[in-house]
Amino acid sequence: MDIQTVSKLRLLFVCLGNICRSPAADGIMHLKAAERGWDEALTIDSAGIGGWHVGQLPDSRMRKHAAQRGYDLVHRARQFDKETDFDRFDYIFVMDEQNYSDLRSLARTSDDMDKVRYLGNYITHFGGPQVIPDPYYGGPRDFDFALDLIENACDQLLDRIAHHNRL
């Protein structure tokens, strides 16, 4: 299926503070979509559950590890807004159980709840579906592992969109 012939899909990635996992997913998905020529077919953004880091660039360690893989993480942290984000996005991908629980508790309707998905459900390597652990309190391996998982999940999301135009 040619993604250019279908309506634009709007994807939001969410983690706790929007400085590690979700901006990484945002940057990875932007580059991978561009490599497929899908820049105009997808709206991609990220947000955090909490507002502690609003306006900040992603964590410097995540930026460093992402840059080593060719990703430029320039997203400025923002907090998830239940009044607008549920309406603005078709799919909202969370990184772990707490993010999932937090967003579902903010959902206003069952349609809002249905939009919330685990990004880790799209992981096919590394033992299959799993949560994407927060590397914030870890070391270099933790950042690399989070990026490995996110890259795999983003590849699978794009493949699924290409074949089904839905998730």
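Owing to the predicted nature of the structure, the values given are computational and were not obtained by experimental measurement.
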Legend entry - Leu149 reachable from Met29 in the ILVMFWY side-chain graph, under 4.5 Å edges: yes
Inset, instruction - Kindly say whether Met95 contributes a backbone atom to a donor-acceptor pair with the side chain of Asn99 at under 3.5 angstrom? - result: yes
Legend entry - Backbone of Arg78 reached by a side-chain donor or acceptor of Asn18 within 3.5 Å: yes
Legend entry - Within one Ile-Leu-Val-Met-Phe-Trp-Tyr cluster: Leu103 and Leu119, side-chain cutoff 4.5 Å: no
Legend entry - Polar side-chain atom of Arg10 near backbone of Thr43 as donor-acceptor pair, under 3.5 Å: no
Inset, instruction - Report yes if the side chains of Arg88 and Asp45 come closer than 4.5 Å at any heavy-atom pair, otherwise no. - result: yes
Inset, instruction - Using modelled atom types only, decide if a donor and an acceptor are shared between the side chain of Lys82 and the backbone of Arg108 within a distance under 3.5 Å. - result: no
Inset, instruction - Spell out, as yes or no, whether a donor-acceptor pair under 3.5 Å connects the side chain of Gln156 to the backbone of Thr124. - result: no
Legend entry - Centroid-centroid distance, Phe86 to Phe80, less than 6.0 Å: yes
Inset, instruction - Taking the side chain as every heavy atom from C-beta outward, state whether Tyr91 and Leu12 have any atom pair closer than 4.5 Å. - result: no
Legend entry - Closest contact, heavy atoms only, Asp155 versus Arg36: O-NH2, 3.8 Å
Legend entry - Near-ring test Tyr100/Tyr118, centroid separation under 6.0 angstrom: yes
Legend entry - Any donor-acceptor N/O pair, Arg63 side chain to Leu73 backbone, under 3.5 Å: no
Which pairs of donor and acceptor atoms, one on a side chain in residues 128-140, lie under 3.5 Å apart (sequence neighbours left out)?
from   : atom 1 : to     : atom 2 : distance (Å)
Gln130 : NE2    : Phe126 : O      : 2.7
Gln130 : NE2    : Gly128 : O      : 3.4
Asp134 : OD1    : Tyr136 : N      : 3.0

Legend entry - From CD1 (Ile49) to CG (Asp102), nearest 0.5 Å: 4.5 Å
Inset, instruction - Check Ala107 against Met113 and note the closest heavy-atom contact, atom names and distance. - result: CB-CG, 3.4 Å
Inset, instruction - Verify the cluster assignment for Ile92 and Ile123: are they in a single hydrophobic cluster under the rule of side-chain heavy atoms below 4.5 Å apart? - result: no
Legend entry - Trace of the side chain to side chain contact (heavy atoms under 4.5 Å, CB included) decision for Ile19 with Leu57: CA-CA 7 Å; Ile19 59 166; Leu57 285 169; over 6 Å; no
Legend entry - Shared hydrophobic cluster for Trp38 and Leu9 (ILVMFWY, side-chain gaps under 4.5 Å): yes
Legend entry - Any side-chain donor near an acceptor of the partner, Asp26 and His30, under 3.5 Å: yes
Inset, instruction - Output every pair passing side-chain hydrogen bond (donor to acceptor under 3.5 Å, both in side chains) with a member in residues 48-60, not counting sequence neighbours, ordered by first then second residue. - result: His53-Gln56, Asp59-Arg61
Legend entry - All side-chain contact (heavy atoms from CB on, under 4.5 Å) counterparts of Glu151, not counting sequence neighbours: Ile28, Lys32, Arg69, Tyr71, Asp148
Inset, instruction - Look at the side chain of His75 and the backbone N and O of Pro58, then say whether any donor-acceptor pair between them is shorter than 3.5 Å. - result: no
Inset, instruction - Would you mind reporting whether Cys154 and Tyr122 have side-chain heavy atoms less than 4.5 Å apart? - result: no
Legend entry - Pair Asp144 + Arg141: basic N to acidic O under 4.0 Å: no
Inset, instruction - Please report the closest heavy-atom contact between Pro23 and Ser46, naming both atoms and the distance. - result: CA-OG, 3.7 Å
Legend entry - Side chain to side chain, Lys115 and Phe89, heavy atoms closer than 4.5 Å: no
Inset, instruction - Calculate, to the nearest 0.5 Å, the distance between atoms CG and CG belonging to Leu106 and Asp112 respectively. - result: 9.5 Å
Legend entry - Pairing of Asp96 and Arg21 as salt bridge, 4.0 angstrom limit: yes
Inset, instruction - Flag yes if Met62 and Phe93 sit in one hydrophobic cluster, no otherwise; membership is Ile, Leu, Val, Met, Phe, Trp, Tyr, and two members link when side-chain heavy atoms are under 4.5 Å apart. - result: yes
